[in-house]
Protein chains: 2
Amino acid sequence: MPLDPARQGLTIGDLSERTGLAPSAIRFYETHGIVAPLRNAGGHRRYARADIRRLSFAMAAQKLGLPLAEIAGHMAGLPADRAPSKADWTRIGTEIRALLDARIDALTRLRDNLDGCIGCGCLSMETCTLWNPDDRLATKGTGPRLVLRD
Amino acid sequence: MPLDPARQGLTIGDLSERTGLAPSAIRFYETHGIVAPLRNAGGHRRYARADIRRLSFAMAAQKLGLPLAEIAGHMAGLPADRAPSKADWTRIGTEIRALLDARIDALTRLRDNLDGCIGCGCLSMETCTLWNPDDRLATKGTGPRLVLRD
DNA sequence: CCTTGATCTCAAGTGCGCTTGAGAAATTAC
DNA sequence: GTAATTTCTCAAGCGCACTTGAGATCAAGG
């Protein structure tokens with residue numbers, strides 16, 4: 001089904017099948033500027049194949065916890081009129097790569113802290129700074145500072 | 001556990017300062033069973049020190065993307081009437097540890113796929129299965145399968 | 001005391017990310 | 001040429017995680 005000349009592009013149903021997104025979700029993403037399909041004579045949306053990639057990218061970024069607005073911000077750098085080039089995707093990919101690294105770091109730190117605390121048996125003691133961020137840390141801000149600092 | 005004899009426990013304001021959560025959020029968590037404070041003569045909530053840990057734990061679990069209901073499910077295993085023991089926290093910690101591992105794995109996989117795709121320059125080609133999960137994969141389900149599979 | 005600030009309950013509102021009709025028009029399948 | 005399916009727009013609704021008043025009560029310092 002690659003760009004059937006008769007149909008001049010992919011329907012929203014095609015995209016739905018290939019991305020797993022509901023048509024309503026795809027239309028919703030359109031309002032956020034993540035895709036910008038053309039219309040055929042009858043007013044129906046017609047998508048380019050590159051839009052599959054756009055949506056896949058948006059889905060991946062969402063799994064990282066990015067809000068749609070921010071995703072749209074990153075994707076605003078992609079060309080609207082032509083299929084994004086390698087350089088286009090590489091730049092965006094690099095941005096996301098940094099976010100991934102940060103997130104992996106944070107989770108790894110949290111895991112290691114958790115391991116350490118379980119190992120030392122301090123979880124039941126009042127002196128554990130991991131689950132008991134009181135007195136010593138009370139003046140340094142709020143929250144479980146040793147566990148989460150991102 | 002050693003409640004201040006003068007005040008008989010921590011106020012919601014105390015917890016708010018030490019966890020960084022708004023009082024309204026703490027009350028909201030109460031409706032989900034994450035904390036269960038006692039009341040003083042005047043009807044005000046009085047918390048045990050262990051509740052700081054409960055909230056910290058819930059905040060950590062939330063950063064992992066767990067919905068409150070699920071967090072509450074894990075914490076239901078903790079004793080309501082006494083400060084959780086080392087064994088109590090260790091069990092919960094181990095459950096979370098598994099989630100952390102899975103999440104780190106998923107993110108690492110995504111990052112490596114992204115790296116590979118950037119490296120090979122395939123992002124602009126129709127044959128890239130990472131951002132172009134079409135033909136070959138079209139019969140195997142939906143979504144960006146090589147990027148995200150969790 | 002008395003005042004100031006913290007806390008109480010309860011209902012309603014917010015922001016995000018969609019979904020769900022309703023009613024109509026376009027497209028496809030037979 | 002019909003029938004079935006898909007898509008269209010627009011408004012409203014939903015689930016989650018809270019926040020924001022409103023109006024009243026409680027607690028603590030001078």
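Because the structure is predicted, anything quoted here is derived from the model rather than measured.
Relative to the side chain of A/Gln62, the nucleotides C/dG17, C/dC8, D/dT7 differ in distance, and C/dG17 lies closest. Side-chain proximity of B/Leu68 to the nucleotides D/dT9, D/dC18, C/dC8 is greatest for D/dC18. Looking at the side chain of A/Arg27, the nearest of the listed nucleotides D/dC8, C/dT7, D/dC18 is D/dC8. Comparing D/dC8, D/dT19, C/dG17 by their nearest atom to the side chain of B/Ser24 picks out D/dT19. Here D/dC8 is the nucleotide among D/dT19, D/dC8, C/dC8 with the atom lying nearest to any side-chain atom of A/His44. Closest to the side chain of A/Arg45, from the set D/dT19, D/dC8, C/dT7, is D/dC8.
Taking 4.5 Å as the limit, some side-chain heavy atom of A/Thr11 sits within range of a side-chain heavy atom of A/Arg46. For the pair A/Ile52/A/Leu10, a side-chain contact is recorded, criterion being any heavy-atom separation below 4.5 Å from C-beta on. In this structure the side chain of A/Leu15 never reaches within 4.5 angstrom of the side chain of A/Leu21, judged on heavy atoms. Counting heavy atoms from C-beta outward, B/Arg45 and B/Arg39 have side chains that approach closer than 4.5 Å. Side-chain contact between A/Arg49 and A/Arg18 is present, with heavy atoms from C-beta onward closer than 4.5 Å.
Rounded to an integer number of Å, the gap from CD of A/Glu17 to C1' of D/dT7 is 14 Å. The interatomic distance linking A/Leu66 (CG) with C/dG15 (C1') rounds to 17 Å, in whole Å. Taking atom OH of B/Tyr47 as the reference point, atom P of C/dT7 lies 9 Å away to the nearest angstrom. Distance, A/Met59 CE to C/dG17 P: 14 Å, rounded to whole Å. Nucleotide D/dA27 holds its P atom 14 Å from the CG atom of B/Asp14, rounded to whole Å. Rounded to a whole Å, the CZ atom of A/Phe28 is 17 Å from the P atom of D/dC14. Rounded to an integer number of Å, the gap from B/His32 NE2 to D/dG15 P is 13 Å. Per the geometry, CG belonging to A/Leu38 stands 16 Å off C1' belonging to D/dT7, to the nearest Å.
One finds the CZ atom of B/Arg54 at 13.0 Å from the CD1 atom of B/Ile71 (value rounded to the nearest 0.5 Å).
Projected onto DNA chain C by closest heavy-atom contact, A/Ala22 and A/Gly43 fall at different nucleotides, the more 5' of which corresponds to A/Ala22. Comparing B/Ala25 and A/Ile12 against DNA chain D, the residue whose closest nucleotide sits nearer the 5' end is A/Ile12.
A/Ala41 comes within 4.0 angstrom of nothing in the nucleic acid, heavy atoms only. Using a 4.0 Å heavy-atom criterion, one finds that B/Pro67 contacts the sugar-phosphate atoms exclusively. Using a 4.0 Å heavy-atom distance criterion, A/Ala69 is classed as making no nucleic acid contact.
For the pair B/Asn40 and D/dA27, the criterion of a side-chain N or O lying under 4.0 Å from OP1 or OP2 is met. For C/dC18, one of the phosphate oxygens OP1 or OP2 lies less than 4.0 angstrom from a side-chain nitrogen or oxygen of A/Tyr29. Dashed line: the shortest gap from a side-chain N or O of A/Arg39 to OP1 or OP2 of D/dT9 is under 4.0 Å.
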